[in-house]
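Written below as structure tokens is the structure these notes are about.
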Amino acid sequence: MFAGDQNGLQGDPRLKAISEAIRVVPHFPKPGIMFQDITTLLLDHKAFKDTVDIFVDRYRDMGISVVAGVEARGFMFGPSIALAIGAKFVPLRKPRKLPGEVISEAYVLEYGTDCLEMHVGAVQPGERALVIDDLVATGGTLSAAIRLLERAGAQVVECACVVGLREVKGQHGLNGKPLYILVEPRQQINCSAPPVNGVETCRHDDLILGGNFGSPVNTTSKSD
């Protein structure tokens with residue numbers, strides 16, 4: 001579900017500004033990847049605030065008591081959302097990052113496996129949870145986060161991401177949970193801007209919102 005498809009947010013200029021604040025870095029961290037760099041969004045105070053505000057407006061009246069952020073970029077949005085809606089923030093971390101007793105959930109990536117961990121007791125049975133991350137591609141990481149929270153007895157209300165494909169490959173694996181996305185990945189057409197510190201970047205007018213994602217070039221930085 002895209003924010004711009006809903007009544008009230010159709011044509012909302014905040015979504016366009018959020019998209020334009022995200023820098024695309026071609027061929028990072030490896031050739032063929034169109035990296036969606038949200039650090040430039042964080043540098044834009046208004047766009048960053050608008051991002052958080054849109055999520056807060058959606059979730060403030062859903063009775064959510066847990067905002068679970070996926071390492072690492074989910075940590076950049078989750079705490080602000082949790083504070084605004086009166087929920088606690090629970091970090092879902094990669095292995096061996098949390099002290100104390102944890103529960104773990106492994107998941108399969110396109111090339112290998114990974115794992116998320118959560119502190120035992122961080123979530124209580126029956127709590128309503130939101131899972132937040134910066135980007136979703138196939139849904140593998142979100143699916144693992146859902147399983148981890150449900151094993152602790154939580155009810156996952158929804159997953160939310162700033163950037164995502166219109167057709168998430170693994171959405172069927174989200175255990176039927178809805179997925180809320182603000183903007184589509186931006187795709188490079190031509191890159192005429194000079195490199196910055198040795199990194200090839202593109203001007204805003206060299207990019208489009210959306211585009212043909214059936215091309216061989218991956219538009220995201222994740223395989224999940």
| task | Carefully, step by step, assess Ile85 and Asp61 under the rule side-chain contact (heavy atoms from CB on, under 4.5 Å). | result | CA-CA 8 Å; Ile85 67 175; Asp61 296 323; over 6 Å; no
| task | Just jot down the side chain to side chain contact (heavy atoms under 4.5 Å, CB included) partners of Pro91, sequence neighbours excluded, or say none. | result | Phe75, Phe89, Arg93
Under 3.5 Å, which donor-acceptor pairs do the side chains of residues 157-164 form with other protein atoms, sequence neighbours left out?
residue: Glu158; atom: OE1; partner: Arg58; partner atom: NH2; Å: 3.0
residue: Glu158; atom: OE2; partner: Arg58; partner atom: NE; Å: 2.7
residue: Glu158; atom: OE2; partner: Arg58; partner atom: NH2; Å: 3.3
residue: Glu158; atom: OE2; partner: Tyr59; partner atom: OH; Å: 2.5

| message | Between Leu43 and Val52, is there shared hydrophobic-cluster membership here, with clusters defined by ILVMFWY side-chain heavy atoms closer than 4.5 Å? | response | no
| Considering all heavy atoms, the nearest Leu41-Ile22 contact | CB-CG1, 4.3 Å
| message | Any heavy-atom pair between the side chains of Val131 and Val156 that's under 4.5 Å? | response | yes
| message | Between Arg73 and Asp133, does any NZ, NE, NH1 or NH2 come within less than 4.0 Å of an OD or OE carboxylate oxygen? | response | no
| query | Do Gln10 and Gln6 touch side chain to side chain, with heavy atoms closer than 4.5 Å? | reply | no
| So, does His27 use its side chain to make a donor-acceptor pair with the main chain of Ile33 at under 3.5 Å? | no
| Ser65: side chain to side chain donor-acceptor pair (under 3.5 Å) partners, not counting sequence neighbours | Glu127
| request: Measure the shortest side-chain to side-chain distance between Leu174 and Ile146 over non-hydrogen atoms and say whether it is less than 4.5 angstrom. | output: yes
| field | Atom of Leu149, atom of Ala68 and distance for their closest heavy-atom approach | value | CD1-CB, 3.9 Å
| query | With sequence neighbours excluded, what pairs up with Leu42 under the side chain to side chain contact (heavy atoms under 4.5 Å, CB included) test? | reply | Ile38, Phe48, Met76, Phe77
| field | Inter- and intrachain pairs under salt bridge (Lys or Arg N to Asp or Glu O under 4.0 Å), touching residues 75-84, at least two apart | value | none
| message | Please give me the minimum heavy-atom distance between Ala87 and Val66, naming the atom from each residue. | response | CB-N, 4.0 Å
| task | Mark yes or no for whether Lys88, through its side chain, and Ala122, through its backbone, hold a donor-acceptor pair below 3.5 Å. | result | yes
| note | Sorted by chain and residue number, the salt bridge (charged side-chain N to carboxylate O under 4.0 Å, His left out) partners of Asp53 (sequence neighbours excluded) come out as Lys49
| message | Can you list everything that forms a side chain to side chain contact (heavy atoms under 4.5 Å, CB included) with Asp12? Sequence neighbours excluded, please. | response | Leu9, Arg14, Leu15
| Over all atoms of both residues, closest heavy-atom pair of Ala47 and Ala21 | CB-CB, 3.9 Å
| Okay, side chain of Asn175, backbone of Lys177: is any donor-acceptor separation there less than 3.5 Å? | no
| request: Kindly determine whether Arg186 and Ser19 satisfy side-chain contact (heavy atoms from CB on, under 4.5 Å), including the steps that lead there. | output: CA-CA 7 Å; Arg186 303 178 69 193; Ser19 176; 3.3 Å; yes
| Nearest heavy-atom neighbours spanning Leu116 and Ala144 | CD1-CB, 4.3 Å
| note | For residues 117-126, the side chain to side chain donor-acceptor pair (under 3.5 Å) pairs (sequence neighbours left out) are Ser104-Glu117
| field | Distance, nearest 0.5 Å, that separates CD of Glu20 from NZ of Lys16 | value | 3.5 Å
| field | side chain to side chain donor-acceptor pair (under 3.5 Å) partners for Thr113, two or more places apart | value | none
| request: Please report the C-alpha distance between Phe28 and Met34 in whole Å, then the side-chain angles of each, then the deciding distance to 0.1 Å, and finally whether the side-chain contact (heavy atoms from CB on, under 4.5 Å) criterion is met. | output: CA-CA 7 Å; Phe28 179 85; Met34 304 298 291; over 6 Å; no
| message | Let me confirm one number: the CG-CD1 distance from Leu92 to Ile132, rounded to the nearest 0.5 Å. | response | 11.5 Å
| query | Hey, what else clusters with Leu98 if you join Ile, Leu, Val, Met, Phe, Trp, Tyr whenever side-chain heavy atoms sit under 4.5 Å? | reply | Val102
| field | Donor-acceptor under 3.5 Å (Arg23 side chain, Phe35 main chain) | value | no
| Can you tell if the side chain of Asp37 reaches within under 4.5 Å of the side chain of Val24, non-hydrogen atoms only? | no
| Can you tell me how far SG of Cys115 sits from NZ of Lys94, rounded to the nearest 0.5 angstrom? | 9.5 Å
| request: Check Met118 against Ala152 and note the closest heavy-atom contact, atom names and distance. | output: CE-CB, 3.8 Å
| request: Give the intermediate values and the outcome of side-chain contact (heavy atoms from CB on, under 4.5 Å) for residues Ile103 and Arg151. | output: CA-CA 9 Å; Ile103 58 173; Arg151 283 172 53 197; 4.0 Å; yes
| query | Are Ile64 and Leu83 joined in one hydrophobic group, where the rule is that I, L, V, M, F, W and Y side chains link up if heavy atoms are under 4.5 Å apart? | reply | no
| task | Quick one: list whatever passes salt bridge (charged side-chain N to carboxylate O under 4.0 Å, His left out) with Arg128, sequence neighbours left out. | result | none
| query | Does the side chain of Tyr180 reach to within under 4.5 Å of the side chain of Phe55, using non-hydrogen atoms? | reply | yes
| request: List for me each residue that meets salt bridge (charged side-chain N to carboxylate O under 4.0 Å, His left out) alongside Asp5, sequence neighbours excluded, and say none if there are none. | output: Arg166
